[in-house]
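All remarks here apply to the structure that follows.
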Amino acid sequence: MSDEQLSYLELLARGAAAEAYDRPALLARASGAGPGALAALEHAKQLALRVRAELEGRRRREAELSALFETAHDLAGLRDLDAVLRAIVQRARSLLGTEVAYLSLNDPAAGDTYMRVTEGSVSARFQQLRLGMGEGLGGLVAQTARPYVTESYFDDERFRHTRTIDSGVRDEGLVAILGVPLTLGSQVIGVLFAADRRARVFEREQVALLGSFAAHAAVAIDTANLLAETRSALAELERANEIIRAHSGVIERASEVHDRLTELVLRGGGVHDVAAALSEVLGGTVGFTEGPLPGAAHGDGRAVRHGDDWVAAVSAGGEVLGALVLRGHPDLDPVDRRTLERAAMVTSLLLLARRSAGEAEQRVRGELLDDLLDAPERDRRLLRERAARLRADFDAPHVVLAARIDRSAPGTHERDVPERDMRGRDATAREATGRRARGGDVTGCDGVPPDSVLPGDTAVRESADRQRLWSAASHLAATRHGLASARDGGTVLLLPLKSGDTAAGLARHAAKHLGGALREPVTVGASSPVDAPAARPGAISPAYAEARRCLEALRLLGRSGEGAAAQDLGFLGLLLADSRDIAGFVDRTIGQVVAYDRRRGTDLLRTLDAYFASGMSPVRTKDELHVHVNTVAQRLERIARLLGPDWQSPARALEVQLALRLHFMSAAVAR
C-alpha cells in the first residue's frame, strides 16, 4: 500500500471532512504520478468515503438511539401533563435539529385538533390555530393516522389549504413541515410536528425517528392523564371522606331520634318529608311554619304546648328558622315530646344544608361574573359550560346593573336604619346579656356582632350593608337565571332581558325589589343591552362601566333610591352610554313633532327652532317666520299637546333644543 493510500486511513482515523479526501490525489497528480497510480488512488478514495459514510451513519444512529432512550427515560419520570408536553416538543426539536417543533391534541367534542404546545414559535396567530380534520398537513395526519412530510407547504397540493391555516403558517414563516401521529392503539390523540423556515428534505430515517419518539410521547401523555385522573379521584375521595367525618356527629344525633329521620337525612329529604314521617310516628298532623313562633314557644329547641297543639322551634346558632307544629294532640308523653324536639333539630340541619347550597351557588355565580369582568378572553366554551350549569343562557340579551345602598336618598332618616343600629350600646349590651343567659349566640342576623354595628362605626356598618346587598342581589339573580357579585363598594348584576323587558324597566324593578328586601334605598344604574355574552364576553366590562356611570349620575341628580338606564337621563344619557344612540334620543324627545310634520306637512319643527332662537318670545318668533302671532300661539299649543305641558321647563327645553340640533344635523348629513 502506497503512502498516498495510507493517508486515507489517517483521514478516516481523525474524522476529516469529505473535501479533505481529494487532497492525496491532487498531490499525486502534482508530483507526476502515472495513470495507474491515480486510478488506484481514486479507488482507495471511494472506498474510504464509503467507509466514512458508514461510520457517520452508525454514529448518527447511535446518537439517535441514545437520545431516544434518554427521552423515554425522561418522559417516564414526568408526572405533570404540561411538563410532559413541553419535554416532548423540546426533545423533538433537538433530535431533528429544526427551527420549530409543536404539538396539537385532538378535541373529540369539537371534531378538530388544536395547537397545545410550541417550541421556537414567534407568531401568536400560529400558536392559537385549530385545524379541522383533514385540513392542512396536521389535519390530514390527525384524520388518517399517517405521517406526512412536505419540502414546501404552500406549493404542495396534497393538502386542503384554508385561509386560517395558511395565514397562521405564513405568519410563522414555515416552509418544510413533518407531522407524525400520536396514537394510542388505533386512536389518534394528536400530532407531533417538526418544521423549518426554509426548504428542506426530511429523510426517511428522520421520519421514522420522529415517529418512534411520538409513540413514546403518546404513552407518556396517556400516563400523565391517567395519573391526573387518579389524583383527581383521590382528591374527590378525600373530600368525600372529610364530609362524611364532618357529618358523622350529625347522623349519630339524628339516629337517636328515629331511624326514619336518619334515612331522610341520608337521602337528602326535605322539611315536608320530615313532617310527613313525624305525622306517621306520632299519629297526628305535623306541619312546618315560618316566621314568628306561636304562643309561648322559644328558640331553645324544647317543645311547648300551645292550646291543643305542640310547638318545637327550628333554630340554629340563635337564629329561629321556623317551627314544627303538632296539631290536635294535646296529650303528649315525654318520649313523643323528645321525638318532636329531635325532629326539629333534624329539620334545622336540612334547612342549613339547603342554605349552604344556596350560598355556594351564589359564590359560584359571583365568580363567573368576576371572570367575565376581569378575564373575558378565557376559553369561551368553558364560560358557556359554567353558565349552563347555573341555568344562565348567555346567548340571550343581558343587561349589566350596578347597585348600591344610598342612605342619602330623600326621606331617609335615622328611622330607616335597622333597629339594632339605633338602640345604643346599652340596649345592645342588654340584648347580648339576655342571649348569653339563654345560651344563644350574640351574633346578629347577618353574622355581624350587634355591638359592632353602632352609630359612628361607619366602616363596619358599610361592610354589613354590602354583605346584605350582595345577599339580596344574589337571590334576585338566581330567581332570574342571572349572576351577581360584590364589587366596588356595591353589587353588580348580569340579568337576562325577557320578552318585553327594557334596560330601564329592569333597573327600576331591581331598585324596587332590592330596596324592599333591605328596607333601605338602593340606587341601580343599567347599561345598554349586551346582545349575547357568550359571543361577546369582552362587552361585559364596558357595560358595567356604563352602568356605574349611570348610577353616579342618578345620585348627582338627586335620584338616589331609583333605577334607570341612560335612555331615562335625556341628553345626559348620551354622555353616559357607551353606544351613542342619537337617533333614539331624538325620537324620545321630539319624535312626536317630527312624525306630526311628516304626516300633516306642517312646519312645527321650524317653529320650535325659531322660538328658541328668538329667546322663547312669540312676538319675535312671528317676525322670524313672517306669520301672525296667533299662528305662532296655535303652533305652540299643538307642540305642547305633542310634547307635554312641561316642555318649556328649563330641563325639558334644554333637551328639546339639543334634539332639534341633532335632528337638523342628521338631516343635513343625509342630504
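Quantities reported herein were computed from a predicted structural model and do not represent experimental measurements.
Contact annotation: the side chain of Phe612 approaches that of Val656 to within less than 4.5 Å [non-hydrogen atoms, C-beta and beyond]. Here the side chains of Val286 and Val325 are not in contact, with every heavy-atom distance at 4.5 Å or above. Residues Leu483 and Phe394 are in side-chain contact: their nearest non-hydrogen atoms beyond the backbone lie under 4.5 Å apart. Contact annotation: the side chain of Leu476 approaches that of His509 to within less than 4.5 Å [non-hydrogen atoms, C-beta and beyond]. Proximity of Tyr596 to Arg638: side-chain heavy atoms (C-beta onward) are separated by under 4.5 Å at one or more points. Side chains of Asp374 and Arg487 form a contact here, defined as non-hydrogen atoms less than 4.5 Å apart. Annotation: side chain of Val122 is not in contact with side chain of Asp171 (no heavy-atom distance under 4.5 Å). Between Pro529 and His398, the closest side-chain pair of non-hydrogen atoms is not below 4.5 Å.
Residues Ser123 and Gly168 come closest through the heavy atom pair OG-O, 4.4 Å. In plain terms, the two heavy atoms of Cys550 and Ala564 that are nearest each other are SG-O, 3.3 Å. Nearest heavy-atom pair across Val492 and Leu373 is CG1-CD1, 4.1 Å. Taking all atoms of both residues into account, the shortest heavy-atom contact from Trp470 to Ser485 is CD1-C, 3.8 Å. The two residues Ser614 and Arg620 make their nearest non-hydrogen contact at O-NH2, 2.9 Å. The nearest pair of heavy atoms linking Asp646 to Ser649 is O-OG, 2.8 Å.
From Arg548, atom CZ reaches atom CD of Glu552 across 7.0 Å, with rounding to the nearest 0.5 Å. For the atom pair CZ (Arg404) and CG (Asp488), the distance works out to 7.5 Å, reported to the nearest 0.5 Å. Taken from OG1 in Thr621 to OH in Tyr611, the straight-line distance is 7.0 Å, to the nearest 0.5 Å. Distance check: Arg468 CZ to Leu514 CG gives 11.5 Å after rounding to the nearest 0.5 Å. Remark: Leu636 CG to Trp647 CH2 distance equals 5.0 Å, nearest 0.5 Å. Here Ser617 contributes atom OG and Glu624 contributes atom CD; the two are 11.5 Å apart, rounded to the nearest 0.5 Å.
Asp597 contributes a side-chain N or O that, together with a main-chain N or O of Leu605, makes up a donor-acceptor pair within less than 3.5 Å. Listed for the Ser527 side chain is a donor-acceptor partner under 3.5 Å among the backbone atoms of Val400. Judged by distance alone, the side chain of Asp406 and the main-chain N or O of Val522 form no donor-acceptor pair under 3.5 Å. A donor-acceptor contact shorter than 3.5 Å is absent between the side chain of Asp609 and the backbone of Arg606. Although no hydrogens or angles enter the test, the distance criterion places no donor-acceptor pair under 3.5 Å between the side chain of Thr631 and the main chain of Val627.
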Quiz item: Do Val524 and Leu401 pass the side-chain contact (heavy atoms from CB on, under 4.5 Å) test, and can you show the C-alpha distance, the side-chain angles, and the key distance before you say yes or no?
Solution: CA-CA 6 Å; Val524 179; Leu401 303 176; 4.0 Å; yes
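Ring geometry for His475 versus His513: interplanar angle under 30°, hence parallel rather than tilted (30 to 60°).
With 3.5 Å as the limit, one finds no donor-acceptor pair spanning the side chains of Glu562 and Thr523.
Arg130 has a carboxylate O that lies under 4.0 Å from a charged side-chain N of Asp112, or vice versa, which qualifies the two as a salt bridge.
Within 6.0 Å of CZ in Arg163 there are 12 or fewer heavy atoms belonging to other residues, nucleotides or ligands.
Test Leu625, Leu608, Thr602, Asn630 against Arg635 for side chain to side chain contact (heavy atoms under 4.5 Å, CB included) and you get one pass: Leu625.
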